[in-house]
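All chains are named by letter (A, B, ...) in the order of the sequence lines, taking the proteins before the strands, and each is independently numbered beginning at 1.
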Number of protein chains: 2
Amino acid sequence: MDLAANITEETPSESTLKPERVAQLIRERILEDELSPGTAIRERTLATELGVSRTPLREALKILATEGLVELAPRRAATVAAPSVREQRELLQLLGALEGFAGALACTLATPEDIRQLRALHYEMLAAYMRGDRLAYFHRNQDIHTSLVAITKNRVLIEHHRRLNAQVYRLRYVTNLKTERWESAIKEHELILDLLERREADAIRPVLEDHVLKAFDQMQRQAEAREAEAGKGEARKGEASKAGAKG
Amino acid sequence: MDLAANITEETPSESTLKPERVAQLIRERILEDELSPGTAIRERTLATELGVSRTPLREALKILATEGLVELAPRRAATVAAPSVREQRELLQLLGALEGFAGALACTLATPEDIRQLRALHYEMLAAYMRGDRLAYFHRNQDIHTSLVAITKNRVLIEHHRRLNAQVYRLRYVTNLKTERWESAIKEHELILDLLERREADAIRPVLEDHVLKAFDQMQRQAEAREAEAGKGEARKGEASKAGAKG
DNA sequence: GGCGACAGTATGGTATACCATATTTGCTGC
DNA sequence: GCAGCAAATATGGTATACCATACTGTCGCC
């Protein structure tokens with residue numbers, strides 16, 4: 001029973017509860033692709049690995065399932081969510097809707113300082129682009145979208161956006177990195193900033209709504225083209241999330 | 001140990017898991033106001049009452065907390081969520097945004113059959129209005145909004161809308177019933193249906209976005225007026241949910 | 001040789017026991 | 001009489017033990 005000293009937190013039970021910390025740990029593993037979509041989560045295994053018992057781990061899994069990051073089936077191991085192409089598109093569509101609404105609101109609410117901050121992030125993103133630093137580019141890109149939503153000061157909106165973003169995080173990562181859409185994406189960002197500065201709520205909304213979806217659809221076309229070309233060779237799943245893992 | 005036969009489900013462990021069933025039970029109690037906002041949820045008490053142990057109950061609470069229906073604080077009893085006025089407005093604003101987006105989408109996607117169904121619900125709502133059946137009126141109203149969102153076929157959107165709706169359910173109930181806004185609300189519904197039929201996505205969106213918010217703001221004004229009039233007399237909380245109970 | 005059934009094992013589901021902490025109450029001292 | 005502290009109790013947090021079920025591997029029968 002003494003092998004439970006794995007985590008070695010300095011504050012054993014301070015402000016955040018264990019299930020939430022555990023959930024955060026798993027969240028990070030999922031977002032960092034240490035736990036890839038479709039992976040079965042063995043409760044005893046992961047619990048021992050994290051140095052906790054199954055009870056808080058299971059509560060964490062319930063949280064993550066409600067957030068849509070893992071999928072629970074009765075009497076079956078929890079699996080890291082592997083949204084179908086259809087669901088991926090649904091997620092991005094809603095994400096775009098939220099960002100479009102946020103952008104329209106931001107046209108009223110954004111202070112000059114807010115806009116300056118966004119432009120700063122935009123330039124940092126450009127810098128990363130020039131350096132070819134794809135990870136930094138990706139993160140600045142995320143920051144811009146997150147900051148735009150944050151301008152609304154609507155915490156409920158911010159939270160829903162955060163969750164949706166987490167659900168498509170890997171996807172956006174791949175989308176942003178694997179496509180040759182950088183130029184147009186950057187142009188769109190510049191357009192968005194301009195419209196925000198000119199307070200054109202009606203114009204900014206459709207741009208934001210389509211922004212991520214466009215990237216997705218283009219990625220889809222590329223993926224289909226690649227598939228048609230390669231023929232087979234490990235289709236990198238992502239399609240049928242309910243397919244058995246064995247076989 | 002044999003007193004666990006309280007629930008008396010015909011299928012003890014079929015498709016739905018216990019924590020989710022428990023969550024649903026608590027959800028219903030919250031929506032039906034058996035558990036009113038701010039109420040402390042005693043784990044042992046409620047667990048015994050529901051005929052389950054604390055383990056699935058706690059998992060259910062984690063689910064409900066993630067959905068925003070209950071609030072968890074470290075080492076403190078879970079409480080039924082009591083959103084502040086500010087958060088209530090944020091919730092309604094996002095709800096409106098989702099419905100506005102859904103309505104715009106529906107202008108493209110809705111089949112004549114969909115629109116007929118909506119009109120049917122609308123007339124049922126009018127019937128309830130004429131009868132003075134406030135509960136039926138409320139439910140038909142809910143059905144209309146839910147059906148409109150369902151037209152999009154976007155399950156992610158539908159689910160987020162459902163959750164937001166649950167969070168403001170009581171609120172909308174009160175809003176719809178306690179205000180003298182029936183006429184204008186009905187007029188708005190008729191406008192919405194007309195615009196949907198004429199496929200005017202750009203016009204329908206702002207109507208839906210403001211629809212619920214308008215009702216809320218009017219209710220707020222009425223509440224303030226009533227408060228100013230009554231002076232004191234049990235302010236029916238709803239304001240500061242984080243305020244200490246002691247003092 | 002293949003298919004099916006049965007048994008053993010592993011895994012998720014639930015209950016319970018135990019622990020730490022927070023709250024409350026009563027006692028004591030000022 | 002009030003305030004503060006201490007102890008007891010109640011309550012949430014976690015671990016573990018036990019149970020039911022699903023999966024797997026093997027054996028036997030067709």
Side-chain angles (χ1 to χ4, degrees), chain A residues 1-26 39-65 70-80 242-247, chain B residues 1-26 39-66 70-80 242 244-247:
Chain A
M1 62 180 76
D2 289 341
L3 53 84
N6 291 348
I7 291 189
T8 67
E9 291 286 332
E10 65 283 4
T11 54
S13 67
E14 201 164 9
S15 57
T16 65
L17 277 312
K18 211 168 222 170
E20 329 216 342
R21 269 184 296 152
V22 171
Q24 182 57 27
L25 285 176
I26 302 176
T39 305
I41 297 179
R42 242 43 156 264
E43 294 185 357
R44 281 173 176 80
T45 309
L46 187 55
T48 323
E49 192 174 330
L50 295 179
V52 298
S53 90
R54 287 174 59 211
T55 310
L57 173 64
R58 290 181 100 283
E59 294 183 359
L61 288 178
K62 287 288 185 301
I63 294 175
L64 296 171
V70 309
E71 286 171 5
L72 297 178
R75 297 282 173 185
R76 190 158 257 89
T79 57
V80 179
K242 270 74 182 175
K246 282 293 144 45
Chain B
M1 63 181 76
D2 288 341
L3 54 84
N6 291 349
I7 292 189
T8 65
E9 290 285 330
E10 65 282 3
T11 55
S13 68
E14 200 163 10
S15 56
T16 64
L17 277 313
K18 210 168 223 170
E20 330 217 341
R21 267 184 297 151
V22 171
Q24 182 57 27
L25 285 176
I26 301 176
T39 305
I41 297 179
R42 243 44 156 264
E43 295 186 356
R44 281 171 175 82
T45 310
L46 187 55
T48 324
E49 192 174 330
L50 296 177
V52 298
S53 90
R54 286 175 61 213
T55 310
L57 173 65
R58 293 187 96 260
E59 295 183 0
L61 288 179
K62 287 287 185 303
I63 293 175
L64 296 171
T66 310
V70 308
E71 286 170 6
L72 298 178
R75 298 280 174 185
R76 189 159 255 87
T79 58
V80 179
K242 268 75 182 177
K246 285 293 140 50

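- For A:Leu61 against A:Val70, the heavy-atom pair with the smallest separation is O-CG2, 3.6 Å.
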Polar atom pairs (N or O), protein with nucleotides 5-9 of chain D, under 3.5 Å:
none

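- To the nearest angstrom, P of C:dG12 lies 10 Å from CG of A:Leu57.
- Closest-nucleotide positions on DNA chain D for B:Thr45 and A:Arg44 were compared, and the one nearer the 5' end corresponds to B:Thr45.
- At a threshold of 4.5 Å between non-hydrogen side-chain atoms, the residues B:Leu64 and B:Ile26 count as touching.
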N/O to N/O distances under 3.5 Å, protein versus nucleotides 8-10 of chain C:
none

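- Atom CD in B:Glu20 sits about 13 Å away from atom C1' in C:dG12, given to the nearest Å.
- The two residues A:Ala78 and A:Leu72 make their nearest non-hydrogen contact at CB-CD2, 3.4 Å.
- Looking at residues two or more places apart in sequence or on another chain, you find a side chain to side chain donor-acceptor pair (under 3.5 Å) between A:Arg54 and A:Glu43.
- In terms of heavy-atom proximity, A:Pro19 sits nearest to A:Ala60 at O-CB, 3.3 Å.
- Residue contacts shown for A:Ile41 are limited to sugar-phosphate atoms, with no base heavy atom under 4.0 Å away.
- Of all heavy-atom pairs between B:Ala40 and B:Ala77, the closest is CB-CB, 4.1 Å.
- The interatomic distance linking B:Ile63 (CD1) with C:dG13 (P) rounds to 11 Å, in whole Å.
- Rounded to whole Å, the distance from NZ on A:Lys18 to C1' on D:dT14 is 7 Å.
- Among the atoms of the strands shown, only primed sugar atoms or phosphate atoms (P, OP1, OP2) are found under 4.0 Å from some heavy atom of A:Ala77.
- Nearest-nucleotide assignment on DNA chain D puts the 5′-proximal partner with A:Ser53, out of A:Arg76 and A:Ser53.
- Within 3.5 Å, a donor on the side chain of A:Arg54 pairs with an acceptor on the base of C:dG13, or the reverse.
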